[in-house]
Structure formats: structure tokens, C-alpha cells
There are 2 protein chains.
Amino acid sequence: MSHEPELLPLLGEPPRERSDAARNRDALMCAAKELVDSAGVDAVTMDAVAERAGVGKGTVFRRFGSRAGLMAALLDASEAAWQGDVMGGPPPLGPGAPPRERLLAFGRSRLVGNLERAALVQAATGAQPRSYAAYSFTATHVRYLLHELGVRGDIDLLTTALLAPLEVPILLQQTQIEGIDVDRIVAGWEDLVARVVDA
Amino acid sequence: MSHEPELLPLLGEPPRERSDAARNRDALMCAAKELVDSAGVDAVTMDAVAERAGVGKGTVFRRFGSRAGLMAALLDASEAAWQGDVMGGPPPLGPGAPPRERLLAFGRSRLVGNLERAALVQAATGAQPRSYAAYSFTATHVRYLLHELGVRGDIDLLTTALLAPLEVPILLQQTQIEGIDVDRIVAGWEDLVARVVDA
DNA sequence: AATGAAAGCGGACCACGGTCCGTTTAGGCT
DNA sequence: AGCCTAAACGGACCGTGGTCCGCTTTCATT
């Protein structure tokens with residue numbers, strides 16, 4: 001009665017994904033991506049995705065929990081490259097430049113990226129787990145840079161203060177309703193950084 | 001063939017509201033308010049409101065455009081008193097205190113208020129006109145105070161920078177997910193004001 | 001008071017997100 | 001190979017937001 005509890009007991013909990021489940025997950029992500037690219041975020045209906053992937057609707061919900069969850073998965077996939085650049089790409093966004101340069105580059109990049117993916121981001125809001133996961137990455141990075149800069153005060157809250165004006169609804173309000181141009185928003189954010197960082 | 005174009009041509013455009021329309025509007029607002037108070041924001045279904053007010057569903061949409069619009073109307077009604085306090089109430093929130101005191105009082109008040117009405121605010125997001133109208137009041141006020149304080153720089157963007165961390169999704173993230181306590185958030189915001197205002 | 005037209009009204013109807021549960025299938029065990 | 005169980009599947013079903021269009025009401029004019 002020998003029994004390895006699992007072939008690879010590393011990371012005990014997640015009991016592994018069944019092969020059909022993995023296949024369907026890929027098919028669904030792929031179908032969703034195609035729909036976004038070809039007809040926009042609004043066209044990504046749960047029924048449409050299911051049909052296009054050739055699976056039942058229930059399966060979509062089983063995999064992603066909700067429409068927002070599906071969007072979040074799409075978003076994570078498309079942000080992975082960016083996260084890689086931030087952590088290991090060329091300076092000033094990646095490591096190698098002085099912290100202040102990195103922070104400014106980060107802000108610019110995040111701001112522009114958020115505006116590009118605005119529709120997807122908005123469609124993804126409300127997905128519990130990811131919202132925090134993806135946010136968590138940016139927060140951790142900014143917190144780290146503020147620490148490197150020797151900023152004094154409640155770093156967590158200063159991080160929030162810097163990140164909040166980069167959130168999609170606010171950027172959309174500024175660009176679409178107030179008619180503020182992107183360069184001006186970037187300049188404003190850099191000014192904010194200066195005020196926050198320089199004691 | 002004499003014809004005054006209208007009884008009161010003041011404010012040319014709005015052609016006046018028909019009496020039955022006004023009556024229905026009141027009934028609907030009232031019904032909605034009762035539903036919120038008795039069973040929470042989620043219970044405010046368009047059908048439920050319509051039935052309770054004794055009108056057809058189409059009427060609800062005709063009046064408020066969407067669920068978010070209805071919520072926004074509710075919110076406006078409940079924020080009117082607060083706006084009055086800000087513009088004409090006792091100091092330090094109202095006029096009479098030095099600008100810096102007023103700004104700090106404003107932030108505290110807005111922060112707490114936003115957390116109290118969080119559910120309603122979230123249900124109201126997406127209503128085009130009001131989002132801007134209600135936001136506009138706070139922005140104008142902060143902009144004015146920053147001006148009074150002699151702050152230099154792009155006042156519009158600094159206003160956004162101060163207001164953004166008071167937005168509901170961010171406050172909710174801080175209190176509910178990160179477990180930060182309200183007093184700490186308030187302190188953080190006051191620190192932010194200091195950094196932004198003191199050149 | 002009668003009239004005409006624009007504003008308002010109501011509720012059937014549609015699309016979409018989300019749930020449920022009976023059925024199918026992967027894949028470890030013997 | 002055959003079995004057994006937990007996982008996965010599918011699609012009928014439901015509630016809700018939002019639209020549409022033929023009918024009704026208001027009210028200015030005469």
C-alpha cells in the first residue's frame with residue numbers, strides 16, 4: 001500500500017487541473033481575445049464566448065466566475081509583459097536607473113497603459129481576486145521605490161495617493177470630459193511626485 | 001396672432017415639466033428612497049420601484065434614464081444638505097475658517113461621507129450627467145481653496161490629485177481589503193495636503 | 001368647451017449575466 | 001481493462017436592465 005500523495009507534492013493545495021479543463025480554458029481565453037480584437041469589449045458576451053469556444057455557457061462561468069473575471073484574466077495576460085518590463089526590462093522603467101527616474105517612468109507607462117486598456121479595465125472591475133492582485137503589483141513597486149527614495153511618512157498611504165490619480169475612471173474623466181490632454185496629465189503627475197517625495 | 005413664447009422665458013430651454021410627470025417623479029424618488037432604507041441598495045430594482053410607485057417601468061427609465069441615473073438622483077438629494085453646509089454652514093467646513101482648516105475639514109467630511117454612502121455611490125457610477133455635476137461641486141470647492149492658499153502649479157490637476165484618493169473604490173479597497181482604519185486614512189490625507197500645499 | 005399635438009405612459013419584449021442540476025468524463029486505483 | 005469518484009460539462013432557466021411603440025393625458029389655443 002505505497003502511495004505518494006501526489007506526483008509532485010510541491011505547493012500542496014491546488015489539486016491540479018484536469019486536461020479537458022485546461023484545454024477549454026485556453027479555448028475560452030482565445031475566443032474572448034479574438035472577440036475583443038475584432039469587435040470590441042462590448043461584444044464579449046458570455047454566450048458569444050461560449051459558442052465561439054464550442055463549450056457550454058456554464059463552463060465559462062466555472063472557469064472565470066463572472067464576466068469581470070474573464071476580463072481580468074484577459075487583462076492579466078496582456079499585462080504580464082509589462083510587469084516583466086518593470087521588474088527586469090531596460091531602464092528607466094526597469095532596474096538600473098535611479099529610483100526617481102524609475103518612478104517617473106513607471107507613472108508615465110502606467111498612465112498611458114491604463115488609457116489604452118481603459119475599456120478592458122473597466123469591464124474587469126468587480127472581479128474580487130484579480131483587482132487586488134494586479135493592483136498589488138503596482139502598489140508593491142511604488143512602495144519599494146518610495147522606500148528607496150527615503151521618503152518619510154506613511155508609505156502605504158502615499159503609495160495610494162500616487163496611484164489613485166492613475167486609475168482609469170479618473171483618467172477618463174480628465175481626457176474625455178474635461179478635455180485635458182495626456183501630456184498635461186503626465187506633467188501634473190510628475191509635479192505631484194515631486195511634492196510628495198521632496199518632503 | 002400674439003404669442004409670448006412662454007409664460008416665463010427665463011432660462012429659455014427647459015420647456016417645463018408636465019404636472020403628471022412631476023407627480024410621478026416624486027412618487028418614484030420616494031419609492032426608491034423607501035426601498036433603499038428598508039432593504040438596501042440591491043433591493044432597488046427598476047421593476048420594484050415602478051410597482052411601488054404605481055407606474056409603468058418605462059416611466060422610470062423615461063425619468064432617470066437608467067438605474068445609475070436613479071441612484072444619482074437619490075444621491076444628489078441626500079448630498080444637497082452637505083453641499084449647503086460646505087457653502088454656508090458653520091466653520092471650519094463652512095466659510096469663516098482659514099482656507100487650510102476648511103480644506104482639512106472638507107477632506108474629512110468627504111471621506112467619511114463617501115464611506116457612508118459607498119453603496120449608493122457605486123450604484124450611481126456610470127450615470128453620465130450627474131457623475132460630473134456632483135464631482136464638479138467638490139472640484140470647484142477644492143480648486144477655490146487651493147487658490148486661496150496661494151498654491152502654485154497646475155491647480156486643476158492638484159485638485160484631482162487630492163480628490164482621487166477620496167473616491168469610493170479606493171476607500172473601500174483600503175478599509176475592506178487592506179484593513180486600514182479610517183483615522184489612519186484621514187491622517188494620510190492630511191499629510192498629503194501638507195505636501196501638496198507647502199510647495 | 002372643444003380640439004389638436006406634443007409629452008407622457010405602460011407593459012410586452014429582448015439580451016445578457018448568472019445559477020442549477022442531471023449527465024459525462026478524466027484519470028487514479030486495483 | 002474495468003471501476004469509481006470527484007471534477008467538469010452543458011444548456012435550460014431565471015431575474016434584471018433597457019427598449020419600443022401604440023395608447024392616454026395634459027394643456028395651450030381658440
Asks: Could you check how far CG of Asp20(B) sits from C1' of dC23(D), rounded to whole Å?
Replies: 14 Å
Asks: Taking only N and O in the side chain of Arg18(A), is any of them less than 4.0 Å away from OP1 or OP2 of dA8(D)?
Replies: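 Checking dA8(D) against Arg18(A), no side-chain N or O comes under 4.0 Å of OP1 or OP2.
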Asks: Knowing that exactly one of Val49(B), Leu74(B), Thr45(B) qualifies, which makes a side-chain contact (heavy atoms from CB on, under 4.5 Å) with Leu35(B)?
Replies: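 Going through the options one by one, the only one that passes is Val49(B).
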Asks: For Trp189(A) and Leu104(A), indicate whether the former's side chain and the latter's backbone hold a donor-acceptor pair under 3.5 Å.
Replies: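 Not a single qualifying donor-acceptor pair exists.
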Asks: Can Lys57(B) and Glu51(B) be counted as an ion pair, charged N to O under 4.0 angstrom?
Replies: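 Result for this pair is no, no salt bridge flagged.
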Asks: Locate the shortest heavy-atom distance separating Ala72(A) from Ala124(A); write the atom from each residue and the value.
Replies: N-CB, 3.7 Å
Asks: N/O contacts under 3.5 Å, protein versus nucleotides 14-17 of chain C?
Replies:
from: dG17(C); atom 1: OP2; to: Met46(A); atom 2: N; distance (Å): 3.0
from: dG17(C); atom 1: N7; to: Lys57(A); atom 2: NZ; distance (Å): 3.1

Asks: Looking at Arg102(B) and Val86(B), would you say the former's side chain and the latter's main chain have a donor-acceptor pair under 3.5 Å?
Replies: yes
Asks: Once you round it to whole Å, what is the distance between C1' of dT16(D) and CG of Leu35(B)?
Replies: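 My rounded result for the distance is 15 Å.
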Asks: Would you kindly give the CZ-to-P distance between Arg23(B) and dT25(D), to the nearest whole Å?
Replies: 11 Å
Asks: Using a cut-off of 4.0 Å on non-hydrogen atoms, how would the nucleic acid contact of Arg63(B) be classed: base, sugar-phosphate, or nothing?
Replies: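 Counting heavy atoms under 4.0 Å across all strands, the contact made by Arg63(B) is with sugar-phosphate only.
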Asks: Angle class for the His141(A)/Tyr144(A) ring planes (parallel below 30°, perpendicular above 60°, tilted otherwise)?
Replies: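 Rings of His141(A) and Tyr144(A): tilted, 30 to 60°.
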Asks: Measure the distance from CZ on Phe64(B) to P on dG18(D) and round it to the nearest whole Å.
Replies: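 So the two atoms are 14 Å apart, to the nearest Å.
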Asks: Looking only at side-chain N and O atoms, does Asn24(B) come under 4.0 Å of OP1 or OP2 in dG8(C)?
Replies: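 For dG8(C), OP1/OP2 do not have a side-chain N/O of Asn24(B) under 4.0 Å.
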Asks: Kindly say if Ser19(A) contacts the phosphate of dA26(C), meaning a side-chain N or O under 4.0 Å from OP1 or OP2.
Replies: no
